[in-house]
Structure formats: structure tokens, C-alpha cells
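Counting starts at 1 for both ligands and their atoms, following the listed order. Values below: all heavy atoms of this structure, side chains included; hydrogens, waters and symmetry mates excluded. Keep in mind that what you see is a predicted model, and the values were worked out from it rather than measured.
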Amino acid sequence: MTEQGQGQGRVRPSGVWATAVGVARVRALETERADPLFRDPLARAFAAAGGLWPSSPPPPEGDEAARRRRAGVALSIVIRTKFLDDLLRQAAASGIRQAVLLGAGMDSRAFRMNWPDGTRLFEVDTAPPLDFKDSVLRQERAVPRCRRIPVTADLREDWPAALAAAGHDAAEPTVWIAEGLLIYLPQDAVEVLLARIGAQSAPGSRMGLTLASRGVIERFATDAAPGSAASLWVSEMPDDPVDWLAGHGWDAQAHTLRERAAAYGRPLSTSPGHEEGPGSLIAAVRR
Ligand SMILES: C[S@@+](CC[C@H](N)C(=O)[O-])C[C@H]1O[C@@H](n2cnc3c(N)ncnc32)[C@H](O)[C@@H]1O
């Protein structure tokens, strides 16, 4: 893997999509562990190209709360990645051959997971991260293990038309992933997104979502550094996510990040008053 820094005429990560490069850095660190929950060999190249490898800017000196917050977010990313890897494997085993990654960022599942023959994987995001990603993939000579189809679209706009134009077949079941995405969309945009996903989902489709706990924005985002990921958070999960998703036509199971982390042998630390953990992981099946 090449240790390429920024440059090469690549667009510099900024705004909401810079968060995707931060996520890649976390996955690169996980990949270096002796006992990783997944391996993401491309993650380090994304982080390096974004200027976050080998080191990323540390929290301000002595800011213990910021250090703990960063460690907590990093562990959450590892746990959700493992959860959604498993969900995608189960979807493939059930016969689903279309996957759509909404807000795909530097997700490299097309390259690092095994896919049944005939699988099409759509990566939907805006142009800057997809262009950045393509330049790193070219540099790494990465070869997808399924048919990977990037789709440039803003998820607050009419993305289903772009997805259909790229070859998505709404008459066939799809597995949808919205990982680390909904927290960046205003609540009304989340509702429209869910309605649009539902309209493109044949019965038997599946969906994996990550939701931020109620109160997480107040706890983390209000004193977050300007431009940091947490400063861009705007949406939290509804009071009852299973009921909310039932209203959108999905039978859902909600797992807390805390419960999954314990199940994977990576327990989250508990700070007083924050026992409920930072969020939930949703696995849903279309009625
Ligand atoms: C925290 S990153 C997560 C990336 C990826 N899902 C993962 O977990 O590796 C959030 C991603 O959502 C994308 N995103 C946020 N708002 C979006 C929008 N309105 N339309 C398309 N993509 C969006 C960003 O560009 C970024 O790539």
C-alpha cells in the first residue's frame, strides 16, 4: 500500500465529507490490531491521502473530555462497521444481489468483502468524496469484488432518479446501508430519505442504519471544535426507532452500540449519566 500524502491534485477533504476520511483512519487503526473485528486494507491509503496518517491533529493539550470523546466515537465506528458487515453478509446469504451504500464516503466493502456472483453495489455520495475516493483507488490499483457503481447525488435531492439511471432495479430486493449518515441530515430530510428508500424497496429488502442517541448532540456537539465532525451533527434518533420504522414499512430490530460492543468483546466505557451509550444500530426487513 502506498503511503501517499495529500497532493496529486486531489480535492482536499472539507465540510461533511471530511468525516468520511476520519472514519477511514479509524478503520485503518482497527486493521492494524492483532485481533481486528474486520480488516480494511484500503483505509490507510484514504487516511494518508486526506492528511490523517500516520497521525491526525490531537485534541487540545489537557482536554481529557475531548480525548475520551474521540476514543468513544472511534470505538463506535468499529462496532457499527462490524454490525453492518454482518448485516450485508446475511442479506447476500438471503439472496439479495443489490446493495446501496448511502453516503458511502470511503467505505471499501466493495473491495474488502466477498460478494456472490452478480452482486451490484451502488455507492451514493456527493462528487468531491467520490472523486477523492476514485483517485485513491486508482493509486492503489484496487479491484472490486463485485460490480461497484458510484452514483453522484445529494441525498437531500432526487437521488432515486440517479440511482435508477445507474441501473438499480426497484423491483428486486435491495440491502440499504446508511452508516454514519443520518446524524448529518436535518430531521425533515431524514424523513424524506426514509420515504424514498421505502419507495425503492421490494418486499424482503433489508436495511442497516446507525442512529445517534437522544442527547448526544447536546453532550458532544455544543462544545465541539468548529469544523469537527461533532460540530456538524444535527439529527438524533426518534424516541422509539422500531415504531418509527414500522411507520415507514419496515420490521426493525434496534441494538444499542453498548450491547453490540459487549457482544463483540470490546465493551464501551461508561461515564456517569451516559449509561445508555452513544447510539443504536438498526437491522430492518421490508414488509
Ligand atoms: C461520517 S461519513 C460516513 C461514510 C461511510 N458511510 C462510512 O461509514 O464509512 C458521512 C458521509 O455522508 C455523506 N453525506 C452527508 N450528507 C450527504 C448528502 N446530503 N448527500 C450525499 N452524501 C452525504 C458525506 O459526504 C460522507 O461521505
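Annotation for ligand 1: atoms under 4.0 Å from non-hydrogen atoms of Y184 are 1 (C). Close approach of ligand 1 to G105 (heavy-atom distance below 4.0 Å) involves ligand atoms 4 (C), 27 (O). Against a heavy-atom cut-off of under 4.0 Å, V23 is close to the following atoms of ligand 1: 1 (C), 9 (O). With ligand atoms numbered from 1 in the order given, ligand 1 contributes 20 (N), 21 (C) to contacts under 4.0 Å with heavy atoms of A153.
Contact annotation: T81 has no heavy atom less than 4.0 Å from any atom of ligand 1.
Under 4.0 angstrom from ligand 1, the non-hydrogen atoms of A104 all belong to its backbone.
The side-chain tip of R286 points at the ring of W250 from less than 6.0 angstrom away and within 45° of straight on. Taking the centre and axis of the six-membered ring of Y264, the NZ or CZ atom of K82 falls inside the cone set by 45° and 6.0 Å.
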CA sep, side-chain torsions, deciding dist, call: R266, D35, side chain to side chain contact (heavy atoms under 4.5 Å, CB included) | CA-CA 11 Å; R266 296 282 185 84; D35 59 346; 3.8 Å; yes
Does the side chain to side chain donor-acceptor pair (under 3.5 Å) test come out yes or no for D40 and S108, once each step is laid out?
-> CA-CA 7 Å; D40 187 343; S108 71; 2.6 Å; yes
How far apart are the C-alpha atoms of R10 and S135, what are their side-chain angles, what is the distance that settles it, and do they pass the side chain to side chain donor-acceptor pair (under 3.5 Å) test?
-> CA-CA 7 Å; R10 273 188 202 112; S135 77; 2.5 Å; yes
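Counting protein heavy atoms only, atom 10 (C) of ligand 1 is closest to G180 O, 3.5 Å. Nearest non-hydrogen protein atom to atom 1 (C) of ligand 1 is T19 OG1, 3.1 Å. The protein non-hydrogen atom at the shortest distance from atom 15 (C) of ligand 1 is L181 CD1, 3.7 Å. Looking only at heavy atoms of the protein, atom 19 (N) of ligand 1 is closest to D154 OD1, 2.9 Å. At the top of the distance list for atom 9 (O) of ligand 1, counting protein heavy atoms only, stands R27 NH1, 2.7 Å. Protein heavy atom nearest atom 25 (O) of ligand 1, with residue, atom name and distance: D125 OD1, 2.7 Å. Counting only heavy atoms of the protein, atom 11 (C) of ligand 1 lies nearest to G103 O, 3.6 Å. Looking at atom 3 (C) of ligand 1, its nearest protein heavy atom turns out to be E179 O, 3.6 Å.
Within a 6.0 Å sphere centred on CD of Q187, heavy atoms belonging to other residues, nucleotides or ligands number more than 12. R141 CZ: 12 or fewer foreign heavy atoms inside a 6.0 Å radius.
If you look at W17 and F132, their ring centroids are closer than 6.0 Å. The ring of W176 has its center no closer than 6.0 angstrom to the ring center of H248.
Backbone and side-chain nitrogen or oxygen atoms of V124 are examined, and none is located within less than 3.5 angstrom of a nitrogen or oxygen of ligand 1.
For atom 16 (N) of ligand 1, the nearest non-hydrogen atom from the set L101, L185, T152 belongs to L185.
The heavy-atom pair separating R206 from S94 by the smallest distance is NH2-CB, 3.3 Å.
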